[in-house]
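Okay, structure first, notes after.
Values below: all heavy atoms of this structure, side chains included; hydrogens, waters and symmetry mates excluded.
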Amino acid sequence: MTPMEDSSQQLNGRRAMLAMISFAFLGMGFARAWVALLFANPAIALPGPFAFPTPHMVFDLGYVLLAIAMVFIARKVVPLGEHAWPAWTALALMVAASACYLLSVFPMAGAPVGALALASAVLGGAGFVLFSLLNAEAYATLSTLRMVLCLSLAYVLGSLVAFFGNGMAPLQLAVLVLLLPVIAVACIRVAFTESDPALRPRLPFPKFSYPYKLYLLLALYSFAYGLRQSQLVEGTGRGSTYATMIVMAVVFASALFFGNRIRLTKVSMAPMLFMICGFLLIPAQNLLGDVASSFLISISYTLMHVFVLVLLCSMARKSGVPAAALVAPLYCMQLLSLTGEGAAEALALSGLSVVVQSTTTAIAVAVIIGINTVLLLSERKWDSHWSVELDEESLAEASREEERLANRCSELTALYGLSAREDEILRLLARRKTMASIAADLYIAEGTMKAHVRHIYEKMAINSRKELYALLGID
């Protein structure tokens, strides 16, 4: 292949990647812009009884409380995307939070400003986590590469909208914060209609156990981040427009231009490196300033959150478990960030010297880094029940194979007239699952499972798993 032909092929590949991005899957960007404008970096600060906890911490509390509630009721209400009420509830909560925000920052005579401000933060946190769970279910229907492209671009879009929103006049800002939730929820509803029905979770969904090691990994990150959050320079926290826009723009560009080279086994190490570098710079802050350290710590937290979210959505897609059920515990990890903030505040009020406080924090963070290093280096298979490993293939190669196999299953289902249950079993067989494990996942007897497989083979005029793999194009 000549250099010109190679360059043309790469250009066509990038165009194909860009074609994977649907505007409907960028709804998270509008929701994140809404959070930034009202709570993370508010265009107009909320009045009321806010010193400690801050408005953002109260927002996080509402966020965590609903996430915890979702963990306990998940099996009864998921998949959320199959019902209309979650989207309407998320919209109502977010619009109500916007209304309370506007009434508190532009109060009328006699208005209970403090109560309105508190209500805005709590309602906003609850509405945003419900929206985020819906978003996760929509993203779980995408291949890994497409998910990374859409998610990173949504973060960049959110940062840009928040940036311009902060420069608006009060009336324009009021209209924007009321419209953003409407646009975000409308995007999610369209995203569900655009997604492949065969990749959406079905009822009853398989039995599952939670991948606790992934949650532990992010919990430790969250606590370490919370310890340092109050000391981060302005504009570098996890809600920062600038830090988020920079890191997610790099993620988007990396996936777009180097998707054929990037491997998840390597990507999983990046947050750890940023975290270690960020905390190593802490002793040098008097010399270098604390901007570099703050940016690196924030980048680390953002990247790890995105990495775990992508991995959980990938697990959901491959297993048929609704993504909301897997992602809800992930959002509960924000409680550890709040705990870290509280621990840092208690340490600051303890009367201990600055040196003792710094040493205590450094020891706690060193222990956390050590545990996380062990988790990342020793685990490629995050949970034996899931049998989900970090792909050795590049991000682009793994995503192409996922999409090819899904399309091939759809073709075979249509060609041979398979039923909905037979199509579901075909897709699980294509993932090389045993009949016993599929029967357990689908709550059916092994005899029933064997009967379904026999019917599939009869319709396809084949006699073995080897012949089935040949039809699927699996080696």
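Listed here is the closest heavy atom pair of A316 and P322: CB-C, 4.3 Å. Of all heavy-atom pairs spanning L160 and M245, the tightest one is CD2-SD, 3.5 Å. Between F39 and A121 the shortest heavy-atom distance is CE2-CA, 3.5 Å. Nearest heavy-atom pair, C409 versus L426, reported as atom, atom and distance to 0.1 Å: O-CD2, 3.8 Å. A pairwise comparison of heavy atoms in L142 and M147 identifies O-CE, 3.9 Å as the closest pair. For the pair L123 and C100, the tightest heavy-atom approach, listed with the atom from each and the gap, is CD1-SG, 4.4 Å.
Checking side-chain atoms of R189 against main-chain N and O of A84 turns up no donor-acceptor pair under 3.5 Å. With hydrogens and angles disregarded, no donor-acceptor distance shorter than 3.5 Å links the side chain of K459 to the backbone of L418. Under a 3.5 Å cut-off, the side chain of T141 and the backbone N or O of E137 do not form any donor-acceptor pair. Although no hydrogens or angles enter the test, the distance criterion places a donor-acceptor pair under 3.5 Å between the side chain of Y457 and the main chain of R465. The main-chain N or O of R408 is never found under 3.5 Å from a side-chain atom of E411 such that the two would form a donor-acceptor pair. Judged by distance alone, the side chain of S152 and the main-chain N or O of V251 form no donor-acceptor pair under 3.5 Å. No donor-acceptor distance shorter than 3.5 angstrom exists from the side chain of E194 to the backbone of V190, with no hydrogens or angles considered. Remark: the backbone N or O of V310 is not paired with any side-chain donor or acceptor of S314 at under 3.5 angstrom. The main-chain N or O of A97 is found under 3.5 Å from a side-chain atom of S120 such that the two form a donor-acceptor pair.
Atom CD1 in I425 sits 10.0 Å away from atom CE in M435 (nearest 0.5 Å). In this structure, CZ in F59 is found 9.0 Å from CD in Q334, a value given to the nearest 0.5 Å. Here W34 contributes atom CH2 and I183 contributes atom CD1; the two are 13.5 Å apart, rounded to the nearest 0.5 Å. Atoms CG and OG1, from L66 and T89 in turn, are 9.5 Å apart once rounded to the nearest 0.5 Å. With values rounded to the nearest 0.5 angstrom, L472 atom CG is found 12.0 Å from E467 atom CD. One finds the OG1 atom of T144 at 12.0 Å from the CG atom of L151 (value rounded to the nearest 0.5 Å).
Within the 4.5 Å cutoff, the side chain of R32 has heavy atoms near those of the F128 side chain. D423 places none of its side-chain heavy atoms less than 4.5 Å from the side chain of S419. Using a 4.5 Å cut-off on side-chain heavy atoms (C-beta onward), L218 and L336 make no contact. At least one side-chain heavy atom of P181 sits less than 4.5 Å from a side-chain heavy atom of S98. Here the side chains of V148 and V306 are not in contact, with every heavy-atom distance at 4.5 Å or above. Side-chain atoms of F252 and Y155, non-hydrogen and from C-beta on, never get closer than 4.5 Å to each other. Side-chain contact between E341 and S337: present, with at least one pair of heavy atoms (C-beta onward) separated by less than 4.5 Å. Side-chain contact between L178 and L102 is present, with heavy atoms from C-beta onward closer than 4.5 Å.
Annotation: cation-pi pair R146/F25 present, NZ/CZ under 6.0 Å from the ring centroid and within 45° of its normal.
Between Y210 and Y212, the angle of the ring planes goes over 60°, which puts this pair in the perpendicular group of the 30/60° scheme. Ring planes of H305 and Y331: parallel class, angle under 30° (limits at 30 and 60°).
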Donor-acceptor list for residues 448-456 side chains, cut-off 3.5 Å, not counting sequence neighbours:
{"residue": "H455", "atom": "ND1", "partner": "A451", "partner atom": "O", "Å": "3.3"}

Report the C-alpha separation of L80 and M70 in whole Å, then their side-chain angles, then the decisive distance to 0.1 Å, and conclude whether the side chain to side chain contact (heavy atoms under 4.5 Å, CB included) test is met. CA-CA 11 Å; L80 298 175; M70 285 300 301; 4.1 Å; yes
Under the side chain to side chain contact (heavy atoms under 4.5 Å, CB included) rule, what do S132 and M28 come out as? Steps first, then yes or no, please. CA-CA 7 Å; S132 299; M28 175 55 78; 3.7 Å; yes
Walk me through it: do S410 and R427 pass the test side chain to side chain contact (heavy atoms under 4.5 Å, CB included)? CA-CA 9 Å; S410 297; R427 294 174 189 276; 2.8 Å; yes
